[in-house]
Amino acid sequence: MTFDDDIRVPFGHAHNHAKMIVQENKGLKVLIEATKAFLDNPGILSELCGTLSRLAIRNEFCQEVVDLGGLSILVSLLAGCNDHQMRDQSGVQELVKQVLSTLRAIAGNDDVKDAIVRAGGTESIVAAMTQHLTSPQVCEQSCAALCFLALRKPDNSRIIVEGGGAVAALQAMKAHPQKAGVQKQACMLIRNLVAHGQAFSKPILDLGAEALIIQARSAHRDCEDVAKAALRDLGCHVELRELWTGQRGNLAP
């Protein structure tokens with residue numbers, strides 16, 4: 001119900017369906033309560049978290065997840081998945097991906113960004129990426145979640161850098177050079193980390209960021225803009241091409 005998958009209609013109803021589920025049926029509360037009943041079942045928890053992420057479509061819905069205790073559950077789940085005893089259980093990696101996706105979704109609210117950081121979310125995200133470095137999906141979602149936490153938040157950026165977030169993102173780029181999603185999200189994360197904190201540029205460059213970003217830019221067309229933005233904000237030389245000068249010309253039929 002939260003996907004616009006009917007190609008026969010000009011406008012989908014997924015957004016309205018999500019609002020109805022939350023506002024008229026207390027969907028967020030039901031889902032969060034359900035997670036407490038299945039804490040030993042990664043498969044069910046994955047579905048519950050995936051649904052939560054698709055319902056967090058408005059600022060107030062993101063805050064409601066926190067108010068209902070959802071954030072503490074998400075951070076606890078992520079920390080538990082990083083625990084050695086759970087690492088080899090079936091479905092845990094999928095659960096990690098879905099928890100990260102949910103954290104990314106609710107971090108669209110600036111107040112929730114800070115709440116995630118205060119709850120230790122950044123440490124758990126970095127640990128998850130390091131623990132599951134072989135999974136491109138986990139790496140992509142980890143970088144995306146950290147990217148949202150750093151957006152317009154210099155203090156959060158400092159915590160992420162000091163907590164090893166930039167190191168983990170660059171390791172992910174090295175591990176998955178052919179995965180455009182990983183490369184794009186890592187570039188966006190690096191850009192957000194240094195956009196309002198130039199003090200982080202040199203340490204990140206010393207880790208080899210420039211070469212990895214240039215490599216991503218040349219290998220993946222989708223990374224062109226985000227890679228240039230990251231290089232620019234890192235203080236690297238970027239040749240910017242003027243696509244339109246504003247001059248009128250003849251229009252060919």
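All values below come from the heavy atoms of this structure, side chains included, with hydrogens, waters and symmetry mates left out.
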Can [Y] be reached from [X] by stepping across I, L, V, M, F, W or Y side chains whose heavy atoms are under 4.5 Å apart?
X      : Y      : result
Phe61  : Leu74  : yes
Met188 : Phe200 : no
Val30  : Leu68  : no
Val96  : Ile106 : yes

For this session: Count the heavy atoms belonging to other residues, nucleotides or ligands that lie under 6.0 Å from NZ of Lys113, then report whether that count exceeds 12.
Result: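 Enclosed.
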
Exercise. Is it the case that more than 12 heavy atoms not belonging to Gln171 sit under 6.0 Å from its CD atom?
Worked result: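 Count over threshold, so yes.
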
Which value, rounded to the nearest 0.5 Å, describes the distance between [X] atom [atom1] and [Y] atom [atom2]?
X      : Y      : atom1 : atom2 : value
Arg118 : Ile159 : CZ    : CD1   : 10.0 Å
Gln185 : Phe148 : CD    : CZ    : 8.0 Å
Lys184 : Arg221 : NZ    : CZ    : 13.0 Å

What are the two closest non-hydrogen atoms of [X] and [Y], and how far apart are they?
X      : Y      : value
Ile160 : Ala150 : CD1-CB, 4.0 Å
Gly50  : Ser53  : O-OG, 2.7 Å
Met129 : Ala169 : CE-N, 4.0 Å
Ser124 : Val75  : OG-CG1, 4.0 Å

Are [X] and [Y] within salt-bridge range, i.e. N to O under 4.0 Å?
X      : Y      : answer
Lys29  : Glu33  : no
Asp233 : Arg191 : yes
Asp110 : Arg152 : yes

Exercise. Would Gln63 and Asn59 count as having a side-chain donor-acceptor pair, cut-off 3.5 Å?
Worked result: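 No.
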
Exercise. Are Gln98 and Glu94 close enough that a side-chain donor and a side-chain acceptor fall under 3.5 Å?
Worked result: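 Distance-only check passes for Gln98 and Glu94.
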
Exercise. Can you tell if the side chain of Ser157 reaches within under 4.5 Å of the side chain of Asn192, non-hydrogen atoms only?
Worked result: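 Sidechains of Asn192 and Ser157: no contact.
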
Exercise. How far apart are the C-alpha atoms of Leu100 and Val138, what are their side-chain angles, what is the distance that settles it, and do they pass the side chain to side chain contact (heavy atoms under 4.5 Å, CB included) test?
Worked result: CA-CA 8 Å; Leu100 291 167; Val138 171; 3.9 Å; yes

